[in-house]
Structures are given as C-alpha cells and as structure tokens.
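All figures in this text were calculated on a predicted structure; none of them were measured in a lab. Start at 1 and go down the list; that is how both ligands and their atoms are numbered. Note that these values count all heavy atoms, side chains included, but never hydrogens, waters or copies made by symmetry.
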Amino acid sequence: MWRATILTLFPEMFPGPLGLSLAGDALARGVWALETQQIREQGVGRHRAVDDTPAGGGPGMVMRADVLAAAIDAAAPEGDSRPRLLMSPRGTPLTQKRVRALAEGPGAIILCARFEGVDERIISARSLEEVSIGDYILSGGEIAALALMDACVRLLPGVMGEELSGEEESFEGGLLEYPQYTRPRDFEGRAIPEVLLSGDHGKIAKWRHEQALELTRARRPDLLAREDD
Ligand code: SAH
C-alpha cells in the first residue's frame, strides 16, 4: 500500500481535499494510507517550542533542527525506505516524471515547514530531498504536500476510472494536452472541429498530435527542449 506520512504543525489540514472524490474513495478503500505527525509533540520546553530566531539576525523564525530530527525519527524509524521530502520553494521543481516515480515507490515522508523554513542542517542530517511546487511562496508546506500527494495518488493502480486517461494527459508525452470538446455540438455559435466528428480515428489522432505540438510550441517551448527526458 502506498503510504504517506506528513510532518506538520497543522495535522487538521489532512486529508482535507484528499478525503473527497477519487483520492478520498481510494483512501477509504485502503489503496493508499495517510498518517500525520504533529511536529509540536517533539517541541522543547514547557511551551513545546519548534522554532527560534535566525542565527545572524533577520526577520521571522526558523524551525529547529533537533525538533525536526526527533519528529522525523518518530515518524520514520531507520529502515523505512520511503523518500524523505521537504517541501521548499528552493527545491527541485516537481514534474510529472518525478510524480510517476514517487507513485511507483512505497510512498513518501513529507516535511511541511512554516515560518521562514528550516535550519539548514536538518536537510543533510536526515537526507531530505527538497521539492518545490512552483516559483511562488506559500505560507506553509501543507498545501504543497497536498498537491504532490494528489498528483501521486491518482496514478496508483485502481484509483482513476479509466487507466488510459493518465497516459494521455499534459506532460506525459512531453507535450501539453490537445483541446477537448463535448456536447453541445454548437455552443454560442462555436462549432466542434469537424475532424473530431468524422469518426476517422487515424485523422483524429493526427489532428490531436498536431494541436498538442502547436500548443506546446506557443506556450511552453521549454517542454520541447527537454523532450528527451
Ligand atoms: N523563507 C523561505 C520561504 C518560507 S515559506 C524562502 O524564501 O525560501 C514557508 C514554508 O512553506 C516553506 O519552508 C515550505 O515548506 C513551504 N513552501 C512555500 N512555498 C513553497 C513552494 N513553492 N513549494 C513547496 N513548498 C513551499
């Protein structure tokens, strides 16, 4: 079973939206499992402090390495083979390729930071892989972790209705997806492209591929440049 363990100061945020729809049904059926670990349980002192002021000064607070280490060790004892991810805007941008690899593995241990982030030393001390979900700053790692898990869980066997739909989507072939249409045939004077109503599957496949290429060239030429990966 694919198993995610989330280290967070806000366990109430989980499963959140992943308790609904496809991911939620799969969670209820035991296709995947989700555990949370309250980082504050490992906090220090009477107030269970998890953060402190940055060495060298500056704004905000930094999460303590010793507290995070204790939380990681409690959630994932030695021998747990799951990758340890730290959600971080400095991380490697998440791609569909990485999502697929994670979905094929045993699950993930995901550390969600808050405040200004974590003491740098925890990253090497617990072999954390920094993962970013985009070039913008969230107020915490929880929404990033939900996004990552959503992308993984929908690829698990038996989660998506039609297995094929996972393979036809944007990024899977290194291209953005072709445009989709459904009824009605005429919407406010806009028709469905004739070729899609032709019943000629060869022609349809060719048209879709051309559209995907054109869209990708116009919007995301960087994807074409890395089509080899
Ligand atoms: N001071 C940090 C940002 C801290 S934001 C910096 O400039 O890099 C607080 C936390 O939210 C981060 O530590 C991270 O866990 C999470 N977070 C924010 N933006 C994110 C993003 N784009 N991807 C993944 N996690 C993010």
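Residue contact annotation: Leu111 has no non-hydrogen atom under 4.0 Å from ligand 1.
By the criterion of a heavy-atom distance under 4.0 Å, both the backbone and the side chain of Ala113 are placed next to ligand 1. Contacts of Val131 with ligand 1, taken as heavy-atom pairs under 4.0 Å, involve the backbone alone.
Annotation: side chain of Val50 is not in contact with side chain of Val44 (no heavy-atom distance under 4.5 Å). Two residues are said to be in side-chain contact when any heavy atoms from C-beta on lie closer than 4.5 Å; Val99 and Leu155 meet this criterion. Under the 4.5 Å side-chain criterion, counting only non-hydrogen atoms from C-beta, Pro106 is not in contact with Trp2. Annotation: side chain of Arg217 is in contact with side chain of Leu213 (closest heavy-atom distance under 4.5 Å).
Closest protein heavy atom to atom 20 (C) of ligand 1: Pro89 CD, 3.7 Å. Nearest protein neighbour of atom 9 (C) of ligand 1, counting heavy atoms only, is Phe115 O, 3.3 Å. Shortest contact from atom 15 (O) of ligand 1 to any protein heavy atom: Met87 O, 2.6 Å. Of the protein's non-hydrogen atoms, Leu138 O, 3.3 Å is the one closest to atom 5 (S) of ligand 1. The nearest protein atom to atom 7 (O) of ligand 1, hydrogens excluded, is given as Ile137 CD1, 4.4 Å; this is a heavy-atom distance. When hydrogens are left out, the protein atom nearest atom 24 (C) of ligand 1 is Ser88 N, 3.4 Å; that is the closest non-hydrogen contact.
When all heavy atoms of Gln38 and Thr8 are compared, the pair lying nearest together is OE1-O, 3.1 Å.
The option with the heavy atom closest to atom 23 (N) of ligand 1, from among Leu148, Leu85, Ile133, is Ile133.
Ionic pairing of Lys203 and Glu194 is not present here: no N-O contact between side-chain nitrogen and carboxylate oxygen is shorter than 4.0 angstrom. Between Arg48 and Glu41, no side-chain nitrogen of the basic residue sits less than 4.0 Å from a carboxylate oxygen of the acidic one, so the salt-bridge criterion is not met.
The ligand atoms of ligand 1 that sit less than 4.0 angstrom from a heavy atom of Tyr136 are 19 (N), 21 (C), 22 (N). Residue Gly117 has at least one heavy-atom neighbour below 4.0 Å for each of these atoms of ligand 1: 13 (O). Each of the atoms 11 (O), 15 (O), 16 (C) of ligand 1 lies under 4.0 Å from some heavy atom of Gly141. Using a 4.0 Å cut-off to heavy atoms of Glu116, the atoms of ligand 1 that qualify are 1 (N), 2 (C), 4 (C). Remark: ligand 1 atoms within the under-4.0 Å shell around heavy atoms of Ala144 are 24 (C), 25 (N). Atom numbering of ligand 1 starts at 1 in the shown order; those under 4.0 Å from a heavy atom of Ser132 are 22 (N), 23 (N), 24 (C).
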**Request:** Please lay out, stage by stage, how Arg90 and Glu120 fare under the test salt bridge (charged side-chain N to carboxylate O under 4.0 Å, His left out).
**Result:** CA-CA 12 Å; Arg90 300 189 327 186; Glu120 187 71 18; 3.1 Å; yes

**Stepwise side chain to side chain donor-acceptor pair (under 3.5 Å) test for Arg84 and Ser127** = CA-CA 7 Å; Arg84 300 159 173 208; Ser127 311; 5.8 Å; no

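Residues Ser88 and Glu130 bring a donor and an acceptor atom of their side chains to less than 3.5 Å of each other.
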